2 protein chains.
Amino acid sequence: MFAGYSEGSAQAMNKEMGPEGDKARRKPRADSLRNREKLLSAAAEVFREGGPEASLEAVARRAGVGIGTLYRHFPTRDALFEGVYRRDVDALAEMAERLAAELPPGEALRRWLHCAIDVIAVKKGMLEALALATEGKQELFSYSKCRMNAGAEALIGRAVAAGEIRADVVPDDLWHAVIGFCAMRGQPGWRERAGRLVDIFADGLSAAL
Amino acid sequence: MFAGYSEGSAQAMNKEMGPEGDKARRKPRADSLRNREKLLSAAAEVFREGGPEASLEAVARRAGVGIGTLYRHFPTRDALFEGVYRRDVDALAEMAERLAAELPPGEALRRWLHCAIDVIAVKKGMLEALALATEGKQELFSYSKCRMNAGAEALIGRAVAAGEIRADVVPDDLWHAVIGFCAMRGQPGWRERAGRLVDIFADGLSAAL
DNA sequence: TGCAAAACGGAGGGCTCCTCCGTATAACAG
DNA sequence: CTGTTATACGGAGGAGCCCTCCGTTTTGCA
């Protein structure tokens with residue numbers, strides 16, 4: 001549910017609304033939308049600078065709103081992550097689909113794994129966001145989760161069909177591997193090592209024909 | 001060096017040493033040793049129950065000592081981890097050496113990776129401990145780090161010599177992979193997935209001839 | 001223009017981290 | 001055994017964070 005702007009589930013209590021059924025709710029207030037935006041960009045900054053553990057009060061402070069406002073819009077830290085990184089997760093999923101369409105199956109997969117690491121390397125809070133999205137916390141994230149699966153599925157499907165990788169791989173496997181390889185980011189040389197691990201992993205995918 | 005009880009260095013009673021040199025230190029107080037032990041087992045329990053984020057004050061409470069005492073013995077959370085998990089890390093390193101000696105190179109390596117996951121699956125705080133040890137924070141952990149490298153090196157060395165895996169693998173690669181594969185522990189089915197990822201990874205190690 | 005619904009903000013309770021320092025006590029000398 | 005003194009003890013206290021609750025303000029809508 002997220003800050004309450006979900007379209008669905010309305011369950012309008014009366015008034016024989018059509019299938020569209022939603023209690024004729026007031027239009028969201030202007031200040032609400034404004035604050036939501038302020039919070040998102042403040043959070044992006046704060047997470048970038050301080051990592052995913054950064055203080056939420058700091059986010060509210062930077063956004064220039066009260067802490068109460070932050071919690072109303074994003075009841076949990078996770079919800080805030082979802083808001084901040086949703087579009088990045090999307091981009092990654094899209095890239096998967098594009099690569100799947102443009103490159104030979106095996107190569108596309110390998111390339112995508114490397115790209116994913118690149119993205120995570122730059123966006124500091126991204127790793128957490130991905131992990132959360134992968135866990136698929138309840139309904140939250142369901143959208144991102146869906147996109148992610150579709151993207152990875154596209155890569156895997158083609159490669160399996162072409163007989164280039166083992167057939168028992170599922171989308172979550174790819175995400176977990178990528179996230180795992182970045183788990184130790186922060187120490188010297190992690191980037192290079194992650195690259196190597198990805199290559200080994202990609203080799204492994206096609207090894208057990 | 002940890003809380004100051006560097007093992008031997010008897011260095012015993014010299015008179016007239018340099019003003020700094022090495023002061024003939026008193027024998028550690030009995031209550032100090034006792035409290036140290038109490039803290040370690042309390043920490044083991046608390047971390048097992050509450051994960052690696054558990055409150056240090058809770059540890060002190062359970063140990064029945066003041067918070068100040070905890071901080072004197074273990075100035076940081078990391079130091080406490082080191083104390084609690086040192087022997088487990090050792091065990092893992094030893095197992096690497098044993099497997100390397102008892103099984104065919106490739107098989108030994110694969111088997112060890114699986115074992116490592118098993119251990120981490122059971123010991124709740126272990127993952128953090130390993131990650132810290134791998135990062136090799138300063139001098140702390142240097143002992144564990146050393147043992148770990150030796151263990152992994154034994155596995156890798158034999159496999160490379162036998163031409164069974166690629167030659168550019170270093171010990172840290174193995175640890176990072178293992179830790180990474182466990183990064184998502186906690187969600188349903190992670191155990192099974194981690195096993196699969198390990199197999200893929202092991203395949204990949206020998207794929208690039 | 002007026003009225004609620006919706007949003008705002010921040011005080012406050014509860015918890016944690018970590019430091020500091022007066023008090024207690026174990027090791028050692030005489 | 002007794003006195004000295006280095007060490008260790010414990011917990012109060014300052015600071016920060018999380019999250020809730022509620023009186024106040026703003027805004028959409030009639």
Side-chain angles (χ1 to χ4, degrees), chain A residues 1-6 10 12-15 22-40 42-43 46-47 49-81 128, chain B residues 2-6 10-17 19-20 22-40 42-43 46-47 49-81 128:
Chain A
M1 308 312 88
F2 216 58
Y5 304 132
S6 57
M13 18 195 327
N14 53 14
K15 286 208 329 205
D22 18 48
K23 42 234 253 130
R25 291 176 55 166
R26 278 189 167 187
K27 188 171 61 172
R29 282 172 50 161
D31 53 344
S32 174
L33 264 50
R34 230 173 332 179
N35 280 338
R36 181 190 177 70
E37 232 29 61
K38 279 196 276 184
L39 279 167
L40 281 176
V46 171
F47 287 149
E49 292 166 15
E53 315 275 75
S55 154
L56 295 189
E57 308 211 316
V59 172
R61 230 144 39 213
R62 168 141 358 178
V65 307
I67 185 67
T69 299
L70 184 152
Y71 275 95
R72 198 171 323 100
H73 281 283
F74 307 98
T76 68
R77 182 179 290 266
D78 293 0
L80 190 49
F81 272 125
E128 286 284 323
Chain B
F2 221 59
Y5 304 132
S6 35
Q11 221 40 299
M13 34 270 321
N14 291 343
K15 265 34 199 333
E16 90 165 76
M17 302 309 297
E20 268 312 0
D22 33 359
K23 44 254 240 106
R25 294 175 48 157
R26 278 187 167 189
K27 185 169 62 171
R29 282 172 52 160
D31 53 346
S32 174
L33 265 53
R34 231 173 316 149
N35 280 338
R36 179 189 178 71
E37 234 26 64
K38 279 196 276 184
L39 280 167
L40 281 176
V46 171
F47 288 149
E49 293 166 16
E53 313 276 75
S55 154
L56 294 189
E57 308 211 317
V59 172
R61 230 143 40 213
R62 166 137 3 174
V65 306
I67 185 65
T69 300
L70 184 152
Y71 276 96
R72 196 171 325 98
H73 281 283
F74 306 98
T76 68
R77 183 179 290 266
D78 293 0
L80 190 49
F81 273 124
E128 287 284 323

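A quick note: this is a predicted structure, and the numbers were derived from the prediction, not measured.
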**Prompt:** Quick one: B:Glu37 CD to D:dC9 P, roughly how many Å, whole number?
**Reply:** 13 Å
**Asked** According to a strict under-4.0 Å criterion, is A:Ser32 in side-chain N/O contact with OP1 or OP2 of C:dA6?
**Response** no
**Asked** Along nucleotides 11-23 of chain C, 5' to 3', which nucleotides get a B, which get an S, and which get a -, given that the test is a protein heavy-atom distance under 4.0 Å?
**Response** B----SBBB----
**Item:** Residue pair B:Leu80, B:Phe47: steps toward the side-chain contact (heavy atoms from CB on, under 4.5 Å) verdict
**Value:** CA-CA 10 Å; B:Leu80 190 49; B:Phe47 288 149; 4.0 Å; yes
**Interatomic spacing from OG1 in A:Thr76 to CZ in A:Phe81 - rounded to 0.5 Å** = 9.5 Å
**Request:** Would you indicate what B:Ala60 reaches in the nucleic acid, counting non-hydrogen atoms under 4.0 angstrom: base, sugar-phosphate, or nothing?
**Result:** nothing
**Prompt:** Using a cut-off of less than 4.0 Å, is there contact between a side-chain N or O of A:His73 and OP1 or OP2 of C:dC8?
**Reply:** yes
**Prompt:** Between B:Arg26 (CZ) and D:dA8 (P), how many Å, whole number?
**Reply:** 10 Å
**Prompt:** Over how many whole Å does the gap from B:Leu39 atom CG to D:dC9 atom C1' extend?
**Reply:** 12 Å
**Item:** Rounded distance (Å) that lies between atom C1' of D:dA8 and atom CG of B:Leu70
**Value:** 14 Å
**Message:** Whether A:Thr69 contacts C:dG9 is assessed here as follows: a side-chain N or O lying under 4.0 Å from the phosphate OP1 or OP2. Is that the case?
**Reply:** yes
**Message:** Quick check for you: to the nearest 0.5 Å, what is the distance between B:Arg72 atom CZ and B:Ile67 atom CD1?
**Reply:** 10.5 Å
**Message:** Taking salt bridge (Lys or Arg N to Asp or Glu O under 4.0 Å) as the definition, give me every residue that meets it alongside B:Arg62, ordered by chain and number, with sequence neighbours left out.
**Reply:** B:Glu45, B:Glu49
**Prompt:** Expressed in angstrom and rounded to an integer, what is the separation of B:Lys27 atom NZ from C:dA29 atom P?
**Reply:** 12 Å
**Item:** Selected nucleotide, minimal atom distance to B:Arg29 side chain, candidates C:dT25, C:dA7, C:dA6
**Value:** C:dT25
**Message:** Distance check, rounded to the nearest 0.5 Å: A:Arg29 atom CZ versus A:Arg36 atom CZ?
**Reply:** 15.5 Å
**D:dA8 OP1/OP2 closer than 4.0 Å to side-chain N/O of B:Asn35** = no
**Message:** Within this structure, what is the CZ-CG distance for the pair B:Arg61 and B:Leu56, rounded to the nearest 0.5 Å?
**Reply:** 10.5 Å
**Message:** Testing the basics here: between B:Pro28 and B:Leu33, what is the closest heavy-atom pair and its distance to 0.1 Å?
**Reply:** CB-CD1, 3.6 Å
**Request:** Using atom CG of B:Asp31 as one end and atom P of D:dG10 as the other, report the distance to the nearest whole Å.
**Result:** 8 Å
**Message:** Looking at D:dT27, I'd like to know if its phosphate oxygens (OP1 or OP2) sit under 4.0 Å from a side-chain N or O belonging to A:Arg34.
**Reply:** yes
